[in-house]
Amino acid sequence: MSVSSYIRQFHGKASSCLLILMCFISATVFAHGEHSLERENSLEQDKSHEQDKSHEHHKNHGHMIDSQSPIVLKDGYARATFPMAKTAAAYFTLHNYSENNLQLSGVTVDTKVANEAQIHTTKMEGDVMRMRHLIDGVTIGANEHVTFTSGGYHIMLLGLKSGLTEGGEVQLTLHFDGQESLHTVLPVKADSQGMHKHAH
């Protein structure tokens, strides 16, 4: 074999090897890119899942925070009752983060839970706590908060379809004058401190 023939044969084999090497590198880079994309998608899904869990956590613990609303509801719950009860009470704290007074004008309840919800206040008369329906609602001052609690402002649920059991939930919608309504889901909790004698 002549020198020139040997050189041509060598170059042919070298070109084939180089082509195979380039194909291998391209396949490796492509596979790595696919893996990185899958990992990025997985991280995005995990982040979205964590946000959903965070929202669910706030909802189940009686919190309702809407970035579009100046009103924030915290520490909300409905008090558990005995099985045949026809009334129940719900409590929470409303924070007004606006520069204007806001008026809580009314509350509605899921009709699967009760017939209606009313804003009440409580006044001691002798040894009996008497409740009064606040038809005009409650004012939450600018940059202030109002706590709805046993012995003070509270939400009465009237015409219960069945007693409220600890661990359950109650859906409420709070209505404000000149403001969008606020929807919340309150957990049902036992509350021995709230077991007082009431009368109308």
Side-chain angles (χ1 to χ4, degrees), residues 49 51-97 102-124 128-140 145-200:
H49 181 62
Q51 290 175 342
D52 292 341
K53 286 175 62 180
S54 176
H55 176 75
E56 189 69 19
H57 170 79
H58 287 298
K59 184 182 76 170
N60 289 338
H61 285 76
H63 299 297
M64 185 54 65
I65 301 173
D66 184 348
S67 60
Q68 303 300 317
S69 174
I71 287 287
V72 174
L73 184 153
K74 295 183 179 179
D75 304 321
Y77 71 98
R79 192 173 66 216
T81 69
F82 58 90
M84 301 302 292
K86 292 301 179 182
T87 62
Y91 309 113
F92 45 73
T93 298
L94 288 178
H95 295 258
N96 177 8
Y97 290 105
L102 293 176
Q103 187 74 8
L104 174 65
S105 57
V107 180
T108 52
V109 61
D110 183 355
T111 55
K112 295 178 181 178
V113 175
N115 290 335
E116 64 175 320
Q118 296 180 355
I119 303 171
H120 282 211
T121 189
T122 307
K123 182 180 179 181
M124 285 294 298
V128 179
M129 279 188 175
R130 296 194 178 275
M131 292 186 293
R132 182 165 61 92
H133 180 196
L134 299 178
I135 299 175
D136 295 329
V138 175
T139 301
I140 303 100
H145 69 273
V146 173
T147 298
F148 287 64
T149 185
S150 177
Y153 294 130
H154 58 280
I155 305 300
M156 282 301 299
L157 307 179
L158 307 175
L160 289 179
K161 302 303 174 65
S162 61
L164 300 185
T165 304
E166 186 174 9
E169 293 180 340
V170 173
Q171 296 184 30
L172 294 180
T173 301
L174 280 59
H175 305 281
F176 300 88
D177 290 345
Q179 198 73 30
E180 287 191 7
S181 298
L182 184 67
H183 305 282
T184 186
V185 178
L186 304 182
V188 177
K189 299 181 180 180
D191 181 9
S192 58
Q193 294 181 352
M195 301 302 290
H196 298 296
K197 183 179 181 181
H198 293 75
H200 288 276

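Hydrogens, waters and symmetry mates are skipped; everything else that's a heavy atom, side chains included, is used.
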(message) Can a donor-acceptor pair be found, under 3.5 Å and without considering hydrogens, that links the side chain of Thr81 to the backbone of Leu164?
(response) yes
(request) Please examine the side chains of Lys123 and Arg132, heavy atoms only from C-beta on, and report whether any two atoms are closer than 4.5 Å. (result) no
(request) Measure the NZ-CZ distance between Lys189 and Arg79 for me, rounded to the nearest 0.5 Å. (result) 14.0 Å
(request) Step by step, work out the side-chain contact (heavy atoms from CB on, under 4.5 Å) result for Leu73 and Leu186. (result) CA-CA 10 Å; Leu73 184 153; Leu186 304 182; 4.2 Å; yes
(request) Could you grab the distance from atom OG1 of Thr147 to atom NE2 of His95, nearest 0.5 Å is fine? (result) 6.5 Å
(request) Return yes if some donor-acceptor pair links the side-chain N/O of Gln179 with the main-chain N/O of Gln103 below 3.5 Å, else return no. (result) no
(request) Please test Phe148 against Tyr91 for ring-ring contact (aromatic ring centres under 6.0 Å, His included), starting from the C-alpha separation and ending with a verdict. (result) CA-CA 5 Å; Phe148 287 64; Tyr91 309 113; 9.0 Å; no
(request) Could you go through the side-chain contact (heavy atoms from CB on, under 4.5 Å) check for Thr165 and Val188 one step at a time? (result) CA-CA 7 Å; Thr165 304; Val188 177; 5.8 Å; no
(message) Measuring from atom CD of Glu169 to atom OG1 of Thr184, what distance do you get when rounded to the nearest 0.5 angstrom?
(response) 10.0 Å
(message) For a side-chain contact (heavy atoms from CB on, under 4.5 Å) check, start with the C-alpha distance between Leu174 and Phe92, then their side-chain angles and the critical distance, and finish with the verdict.
(response) CA-CA 12 Å; Leu174 280 59; Phe92 45 73; 3.9 Å; yes
(message) Rounded at 0.5 Å granularity, tell me how far OG1 in Thr173 sits from CD in Glu180.
(response) 12.5 Å
(message) For a side-chain contact (heavy atoms from CB on, under 4.5 Å) check, start with the C-alpha distance between Ile71 and Asn96, then their side-chain angles and the critical distance, and finish with the verdict.
(response) CA-CA 5 Å; Ile71 287 287; Asn96 177 8; 4.0 Å; yes
(request) Starting at CD1 of Ile119, measure out to CG of Leu104 and round the result to the nearest 0.5 Å. (result) 4.0 Å
Under 3.5 Å, which donor-acceptor pairs link side chains of residues 111-118 to any protein atom two or more places apart or in another chain?
residue: Glu116; atom: OE1; partner: Gln118; partner atom: NE2; Å: 3.3
residue: Gln118; atom: OE1; partner: His120; partner atom: NE2; Å: 2.8

(request) Mind checking the CG-NE2 spacing from Leu172 to His183? Nearest 0.5 Å is all I need. (result) 11.5 Å
(request) List the atom of Pro187, the atom of Gly76, and the distance in Å for their closest heavy-atom pair. (result) CD-O, 3.4 Å
(message) Which residues pass the side-chain contact (heavy atoms from CB on, under 4.5 Å) test with Thr87, not counting sequence neighbours?
(response) Met156, Leu158
(message) Donor-acceptor pair, distance only, cut-off 3.5 Å: does the side chain of Ser105 make one with the backbone of His175?
(response) yes
(message) Are more than 12 heavy atoms, taken from residues, nucleotides or ligands other than Met124, located less than 6.0 Å from that residue's CE atom?
(response) yes
(message) With heavy-atom distances below 4.5 Å as the criterion, would you say the side chains of Ile140 and Phe176 are in contact?
(response) yes
